[in-house]
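Presented below is the structure to which this report refers.
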Amino acid sequence: EKPDDWELVIGDDASTDGTAEMLSAYQRSCPDNVRLLSRSKNGGDQGRTNYLDTLAACRGEYIAYLDGDDYWLDDSKLTRQINLLDTQPELSACAHAVNRVYADGSSDVFNTLPGPVPLSLATVSRNFSFIHCSSFMYRRSILPAMPRWFADDRVKIDDWAMTLLCAQAGP
């Protein structure tokens, strides 16, 4: 049985491919749990404003995000991550390996994590490409609002910046 205490916050940056209609239908099917943040005009900033506004709209204890071109394969992913964070309150966030599948059918595993061990700020700061954003879950309480510099266009790898912010709060 799935819990009722979840929310799905979707930021649509003025999609023109039928996505907005599909999202509206999904919201109507789960009105108590799905919140759709629709823009009438694309932000023109590679989705940064949409991303930040969507994060700011989240109200849950934990935040996991999924880009529009990604999907989760494991039905227990979120439950397992929540259980880990619930049982290890010293952790600021958690992540896992990701299976990447390409258009030609080939695949690989995106994971250079050293195993199921807590990562320090020093480890995260030295390794900018070992956590895939679709595998990441963090405690909203450690980042109730994003720092002002996060919105700067010069921040090109926002998932690494997010990982650094979380690692500052704990392993």
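Side chains are part of it too, since the values below use all heavy atoms of this structure and drop only hydrogens, waters and symmetry mates.
The shortest non-hydrogen separation linking Asp108 to Asn99 is O-OD1, 3.2 Å. For Cys133 against Asp70, the heavy-atom pair with the smallest separation is SG-OD2, 4.4 Å. The two residues Ala167 and Ser92 come nearest to each other via the heavy atoms N-OG, 4.1 Å. Pairing each heavy atom of Trp72 with each of Tyr65, the nearest pair is CZ2-O, 4.0 Å. Of all non-hydrogen atoms in Leu165 and Met146, the two that sit nearest each other are CD1-CE, 3.7 Å. What you find for Met137 and Leu78 is that their closest heavy atoms are CE-CD2, 3.6 Å.
Distance alone, capped at 3.5 Å, is enough to place a donor-acceptor pair between the Ser29 side chain and the Tyr26 backbone. Side chain of Arg35 to main chain of Ala57: a donor-acceptor pair is present (N/O by atom type, distance under 3.5 Å, no hydrogens or angles). For the pair Arg139 (side chain) and Cys166 (backbone), a donor-acceptor distance under 3.5 Å is absent. Counting only distance, with no hydrogens or angles, the side chain of Thr87 and the backbone of Asn83 share a donor-acceptor pair below 3.5 Å. At distances below 3.5 Å, at least one donor-acceptor pair connects side-chain atoms of Gln81 with backbone N or O atoms of Ser135.
Note: Leu121 CG to Thr163 OG1 = 11.0 Å, rounded to the nearest 0.5 Å. Distance check, rounded to the nearest 0.5 Å: OH of Tyr138 to CG of Leu85 gives 12.5 Å. Interatomic distance, CD1 of Ile82 versus CD of Glu61, reported as 8.0 Å (0.5 Å rounding). Between the NE2 atom of His132 and the CG atom of Asp67 there is a distance of 7.0 Å, given to the nearest 0.5 Å. Separating the OG1 atom in Thr54 from the CZ atom in Arg39 is a distance of 7.0 Å, to the nearest 0.5 Å.
Applying the 6.0 Å contact sphere to OH of Tyr71 captures no more than 12 heavy atoms from other residues, nucleotides or ligands.
A heavy-atom distance below 4.5 Å is not found between the side chains of Tyr62 and Trp6.
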Could you give me the CA-CA distance, side-chain angles and deciding distance for Leu37 and Val9, then say whether side chain to side chain contact (heavy atoms under 4.5 Å, CB included) is met?
CA-CA 7 Å; Leu37 309 177; Val9 182; 3.8 Å; yes

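Leu66 and Ile10 fall into different hydrophobic clusters, where Ile, Leu, Val, Met, Phe, Trp and Tyr side chains are chained together by heavy-atom contacts under 4.5 Å.
Of the residues listed (Asp75, Asp74, Asp86), the one engaging Arg80 in a salt bridge (charged side-chain N to carboxylate O under 4.0 Å, His left out) is Asp74, and it is the only one.
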